[in-house]
2 protein chains.
Amino acid sequence: MRHSIIEPVEAPAEDRAAVIRDHIRNAIVDRRLGPGTKLSEQEVGALFDASRTVARAALQMLSFEGLVRTERNRGAFVANPTPAEARHVFASRRVIEPGIAADACARIGPDDIARFEAQLADESRYLALRGPEARRSEIKASGDFHLLLARVAGNPILLRFMEELVARSSLVIALYGRTGASTCGHSEHQEIAAALSAGDAERAGALIMRHIDHIEADLDLNHKGSTALRDAIAV
Amino acid sequence: MRHSIIEPVEAPAEDRAAVIRDHIRNAIVDRRLGPGTKLSEQEVGALFDASRTVARAALQMLSFEGLVRTERNRGAFVANPTPAEARHVFASRRVIEPGIAADACARIGPDDIARFEAQLADESRYLALRGPEARRSEIKASGDFHLLLARVAGNPILLRFMEELVARSSLVIALYGRTGASTCGHSEHQEIAAALSAGDAERAGALIMRHIDHIEADLDLNHKGSTALRDAIAV
DNA sequence: TTTGGTCGGATTGCATACAATTCGTTCATG
DNA sequence: CATGAACGAATTGTATGCAATCCGACCAAA
């Protein structure tokens, strides 16, 4: 009944650009769109039955999130992070996530714990499956864990920062990931959730830190940086 | 001569929307545009001799930064942060800035130290002046100190986050600031810079934390939250 | 084969026209 | 006087047209 006053009965003419943005972002995070893929305004618009204006707005949003790189008079492309950018992403996560874990620890409640359990169950399920499709879902779920953590922390600003960082991490892993170290990640997620449930903020922070270390250690961030002239002389 | 290859001789047809965005952002941070001010697309466009399309793009950027709130079919307004949002801003800074200070400590060099000194000198200069004009410059310079810190840290992602947080802080201070506690802030900036120069990351982090505490303590975040029905029943 | 130049298609940047929505005003009614 | 409906001005949401720009194909010359 509590919906009757606030929530409109029908869809409130949702922002179409945001819908397009969400679809494309999911496609990028799920690796259905590889780094470097061209995203033409006309094509995107046609795909969602919208004009270039709306498609352009969606691409602009994605460009703010760092998932899409736009070049003037050339168009928008799925971002192709350099190793340096990849390191920046993880350095940012090292700065932010321990603090988020501490906040989450202070605010976590029974229903949050239930959400964590559901999340971990999802991860286990995907982990059991095989094939590229399952692997994509697994990466997605792994990111969702960190977003759940941020949501529990209860700070919308930090949540938005984490959304950006998690999405960019997916791109980085797609580009530089070596193996399925995500299996190792799952048990770490369990430990983190346990520390949170126990209210041990310090331990949760330390575990998160180690977890990020492990994710980054599984990347191959050397010599892939395309020794192109362009990068060599880049200012 | 090193400019001859990379940098174009003429201005490279800079993005006009970004120019508009920067102007409006400065106006907001400098308090020339107060919270709640309507920013009509037509007016903004006319002011910069551009069409609504470009003005709209600029407003969209500012909306992503949290400086402008857009309501569908109603338009864009300078953000009017609630006390809760204000607390989120400072909570985010508490999470991020100590980490930035640590990174800055690890990378700081002689030229950076010189920049800090120049920055502190600027602050002193504005502090000596009187009048609302001087006070605006003072607030701006105070924010610039934190941005310089983030720039020295060398992580573009965290720098962008800090740009957003500093800008929103200005709004919050404009709304809820009590007195000129910024004077107290200046000596703290000096201490922080000293700790950085000495390479004492731990002390720098602790000082930053206390500094943020002091800034927030000078705010009056109670009972100003407009006990409007709208907020009372907000989901 | 490689280098340099020109042309044409395709795409973006921007301005503008039209449709949809909102809000203040006016006015009729209880 | 208070309430509510209806109208109209103003503003935003969206589509589309035109000019500017870029890129690849093609071709000529060394």
Side-chain angles (χ1 to χ4, degrees), chain A residues 5-24 33 35-65 67-80 226 228-230, chain B residues 5-24 33 36-65 67-80 226 228-230 234:
Chain A
I5 299 175
I6 304 284
E7 311 237 3
V9 179
E10 304 196 10
E14 202 169 0
D15 190 347
R16 300 203 286 157
V19 174
I20 297 180
R21 175 202 56 189
D22 292 341
H23 277 254
I24 297 183
L33 285 172
T37 305
K38 173 87 189 278
L39 300 173
S40 123
E41 295 177 358
Q42 181 146 17
E43 198 172 351
V44 169
L47 195 55
F48 291 93
D49 199 42
S51 76
R52 276 181 53 215
T53 306
V54 181
R56 192 183 177 81
L59 292 174
Q60 191 187 2
M61 299 191 219
L62 290 165
S63 140
F64 283 129
E65 298 178 24
L67 284 185
V68 156
R69 181 167 307 266
T70 67
E71 296 177 31
R72 186 178 175 87
N73 283 321
R74 296 232 329 119
F77 307 83
V78 177
N80 210 328
S226 85
L229 174 64
R230 173 189 209 102
Chain B
I5 299 176
I6 304 281
E7 311 236 4
V9 179
E10 302 197 10
E14 203 170 357
D15 191 346
R16 300 203 285 155
V19 175
I20 298 179
R21 175 202 57 190
D22 292 341
H23 277 255
I24 297 184
L33 285 172
T37 305
K38 173 90 189 276
L39 301 173
S40 115
E41 296 177 356
Q42 180 147 12
E43 198 172 352
V44 170
L47 195 56
F48 292 91
D49 198 42
S51 76
R52 277 182 51 213
T53 306
V54 181
R56 193 183 176 79
L59 292 173
Q60 191 187 2
M61 298 191 220
L62 290 165
S63 139
F64 283 130
E65 297 178 25
L67 284 184
V68 157
R69 181 166 306 267
T70 67
E71 296 176 30
R72 185 178 175 86
N73 283 319
R74 295 232 331 122
F77 308 82
V78 178
N80 210 329
S226 84
L229 175 64
R230 174 188 207 103

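Side chains are part of it too, since the values below use all heavy atoms of this structure and drop only hydrogens, waters and symmetry mates.
- Between A:Ser63 atom OG and A:Glu71 atom CD the span is 11.0 Å, to the nearest 0.5 Å.
- Axis angle between the ends of the helix from C:dT1-D:dA30 to C:dG30-D:dC1, five pairs each and rounded to 10 degrees, works out to 10°.
- Look at A:Arg74 and you won't find any side-chain N or O under 4.0 angstrom from OP1 or OP2 of D:dT21.
- A sub-4.0 Å separation between OP1 or OP2 of C:dC14 and a side-chain N or O of B:Thr53 is absent.
- Looking only at side-chain heavy atoms (C-beta outward), A:Val19 and A:His23 come within less than 4.5 Å of each other.
- Closest approach of B:Ala18 to B:Met61, counting heavy atoms only: N-CE, 3.8 Å.
- Within 4.0 Å of B:Ser40, counting heavy atoms only, lie sugar-phosphate atoms of the nucleic acid but no base atom.
- At whole-Å resolution of the value, CD in A:Glu71 and P in D:dC23 are 8 Å apart.
- We find the CD-CD1 distance between B:Glu65 and B:Ile24 to be 11.0 Å, quoted to the nearest 0.5 Å.
- DNA chain C is contacted by B:Val54 of residues 54-65 of chain B, taking any non-hydrogen atom closer than 4.0 Å.
- Looking at A:Arg52, its side chain comes within 3.5 Å of the base of C:dG13 through a donor and an acceptor atom.
- A side chain to side chain contact (heavy atoms under 4.5 Å, CB included) with A:Leu62 is found for exactly one of A:Val68, A:Val78, A:Asp22, A:Thr70, namely A:Val68.
- Here the shortest heavy-atom pairing between A:Ala58 and A:Ala17 reads CB-O, 3.5 Å.
- Within the model, atoms CG of B:Asp49 and CZ of B:Arg16 stand 7.5 Å from one another, a figure rounded to the nearest 0.5 Å.
- For the pair B:Gln42 CD and C:dT16 P, the interatomic distance rounds to 11 Å; values are reported in whole Å.
- Rounding to whole angstrom units, CG of residue B:Asp49 and C1' of C:dC14 are separated by 12 Å.
- At whole-Å resolution of the value, CD in B:Glu43 and P in D:dA10 are 14 Å apart.
- Summarising the geometry, the separation between NZ on A:Lys38 and P on D:dC22 is reported as 13 Å, rounded to the nearest angstrom.
- Taking atom CG of B:Asn73 as the reference point, atom P of C:dT21 lies 7 Å away to the nearest angstrom.
- A straight line from CD of A:Glu41 to P of C:dC14 spans 11 Å, rounded to a whole angstrom.
- Under the 4.5 Å side-chain criterion, counting only non-hydrogen atoms from C-beta, A:Glu41 is in contact with A:Leu59.
- The side chain of B:Arg16 contributes an N or O atom lying less than 4.0 Å from OP1 or OP2 of C:dC14.
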